[in-house]
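See below for the structure under consideration.
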Amino acid sequence: MKGLMMDYPLTLTHFFERCRRLFATKTLATRVPGSPLFRYTYADFCERTARLAGALEALGIKKGDRVGTFAWNSHRHLEIYWAAPLLGGVLHTVNIRLSPQDLTYIINHAGDTLLLVDQSLWPIIEPIRKDLKTVRHYLVMPDTAGPIPAGALDYEALLREASPVREWPQLDEDDACGMCYTSGTTGHPKGVVYSHRAIFVHCLAMCMTDSLGISERDVILHIVPMFHANAWCVPFGGVMVGATQIFGGPNPQPRDIAEMIQAEKVTFVGAVPTVWIAIKELVEKEGFDLSSIRCIPIGGSAAPRSLLELYEKKFGVRMTHAWGMTETSPLGTISRLKSYMEAWPDEQRFAVRAKQGYASVGVELRAVDEAGQEVPWDGKSMGELQVRGPWIVKAYYNNPEGAKQFTPDGWFRTGDVVTIDPEGYIQIADRTKDLIKSGGEWISSIDMESMLMAHPKVLEAAVIAVPHPKWVERPLACIVPRPEHKGLPDEVVFVEAIPKTGVGKFDKKVLREQFKAWQPKE
Ligand code: AMP
């Protein structure tokens, strides 16, 4: 039997209209350097989004048209996040940190018809304007003072004059709602196109209690750049549940982040590990209060176990390690302890939490070796992580060469090398390209980085492969000492043992002899 339930397209329109009716009085805010936060209500947000949609329509945006953004995190960015897809357009968030060549390639390849640019970022766009073949209009969002540049439209003026859209067009759930480019090591950046359905179900899964548990009660701080992987989909999920949302504004520094967490009693804030390393330094020195935080999703690169442990033990904040990619919208796995693991000793609990976690509901995963065989879930065998599910990319946009990222049986090849343990937790050993092959054995750079960063005198550590005459490759650790531990030796060598004198003291005479031909760095 089929067809006895209502067939309702899973589009963002439902989330937006529900939010408009239910959460009108709740707050959204943006950090404005040198001023108090700019604040308005969800009622304002919904009205301005409807006006922006009206303005976009008047500028000729039709279903399927790509609407580019080149912006910091702000309430205006959120307005476009919603206005473009609600109209049937495709929100294309462009990474503001790319080179002019990549920007030109991406905007032309996506075929953006309109580009919304923060005024503070206009100097990056202005010089490449002549090369952007498809952009018909530039809308400048006044995040700094000064006249709107010639040849661009004033976002705020357009909104004031626009007639708001009151009836949204009927959309199909598999219509595109967004896109984002991801840079590989070779070739041009590749475009990932998200459907309404993908984002809809992703938001539901992400807000489950067993996932990130985002709810109406949360105060969300957006630090992950909104141009990156839907900023982990939180700007969509936050509106879905009607949470209070604060946007980090232009180029937020660790101090800005710590201040906002403390002042706004933030409960939910995601960021990559390097941000949390910097904030840790500041909190240790100046004692910011982070106790309001309920959930810190941490990912983008491996979260060192020492960091998870320090935040929990010193600041009373539990981080949630997660893995994802632009191609996975981005939620893939989340490392939450299962209930019976809570009673495990610290050592074991943190070992689990430092893994990238088990698959979110909706995501299926496997690890496959070089011979194409699925490896066992034994926590030891390594293989390439492959995933599939309703919010995982099926093909790159207009990019035939990207087809090799997909297996003949319909899985996406992530390029991450993992083990999967019997409980289903994946642990990323490396990107395939970052693994170090020494004497035929794979060495994980991530393991070594985590170990090094656990050292109290080490701030950051990255391990790379360097050529070696005997072993083919050997790991080289690049280390940033914490500021108070400068004055370190220029170079460090690893030896089997330090030679000892007859009474067991270090025999530096022998060492000096051993290293007399040492070539110091320039
Ligand atoms: P992007 O598409 O730019 O978000 O990059 C995705 C890649 O970041 C993944 O394929 C991983 O290599 C890496 N990544 C994301 N989350 C984690 C994590 N928790 N641990 C280790 N690597 C991660």
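As the structure lists them, so they are numbered: ligands from 1, and atoms in each ligand from 1.
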Inset, instruction - Provide, to 0.1 Å, the distance between atom 11 (C) of ligand 1 and the closest protein heavy atom, together with that atom's residue and name. - result: D416 OD2, 3.2 Å

Legend entry - atom 16 (N) of ligand 1 protein-contacted (non-hydrogen atom, under 4.0 angstrom): yes

Inset, instruction - Specify side chain, backbone, both or neither for T326, according to which of its non-hydrogen atoms lie closer than 4.0 Å to ligand 1. - result: both

Legend entry - Interfacing atoms of ligand 1 (cut-off 4.0 Å, heavy-atom, A302): 18 (C), 20 (N), 21 (C), 22 (N)

Legend entry - Heteroatom proximity flag, I428 to ligand 1, N/O under 3.5 Å: no

Inset, instruction - Answer with side chain, backbone, both or neither: which part of R431 has a heavy atom less than 4.0 angstrom from an atom of ligand 1? - result: side chain

Legend entry - Sidechain N-carboxylate O distance under 4.0 Å for E284, R482: yes

Legend entry - Atom pair CD (Q253) and CD1 (I279), whose distance is rounded to the nearest 0.5 Å: 10.5 Å

Inset, instruction - Go through ligand 1 atom by atom and flag the ones less than 4.0 Å from a non-hydrogen atom of G299. - result: 19 (N)

Inset, instruction - Please identify which atoms of ligand 1 are closer than 4.0 Å to at least one heavy atom of H228. - result: 1 (P), 3 (O), 4 (O)

Legend entry - Contacting atoms of ligand 1, where contact means under 4.0 angstrom from a heavy atom of Q356: 18 (C), 19 (N), 20 (N), 21 (C)

Legend entry - Subset of ligand 1 atoms that lie under 4.0 Å from at least one heavy atom of H321: 18 (C), 19 (N), 20 (N)

Legend entry - Charged N-O contact under 4.0 Å between K190 and E401: no

Inset, instruction - Would you mind checking if R76 and D143 are paired as a salt bridge, meaning a charged N to carboxylate O distance below 4.0 Å? - result: no

Inset, instruction - Select the closest option to atom 19 (N) of ligand 1 among P330, P297, A322, judged by heavy-atom distance. - result: A322

Inset, instruction - Assess G300 for proximity to ligand 1: is some non-hydrogen atom of it under 4.0 Å away? - result: yes

Legend entry - Single hit among T69, L121, N251 for side chain to side chain contact (heavy atoms under 4.5 Å, CB included) with I96: L121

Inset, instruction - Using a 4.0 Å heavy-atom threshold (strictly under), name the region of S301 that reaches ligand 1: side chain, backbone, both or neither. - result: backbone

Legend entry - Closest protein heavy atom (residue, atom, distance) for atom 7 (C) of ligand 1: G324 O, 4.1 Å

Legend entry - Which residues share a ring pair (Phe, Tyr, Trp, His ring centres under 6.0 Å) with F70, sequence neighbours left out: none

Legend entry - salt bridge (charged side-chain N to carboxylate O under 4.0 Å, His left out) involving K265 - partner list, sequence neighbours excluded: none

Legend entry - E327/R413 ion pair, N-O < 4.0 Å: no

Inset, instruction - Could you verify whether a donor N or O on one side chain and an acceptor N or O on the other, from S195 and D174, lie under 3.5 Å apart? - result: no

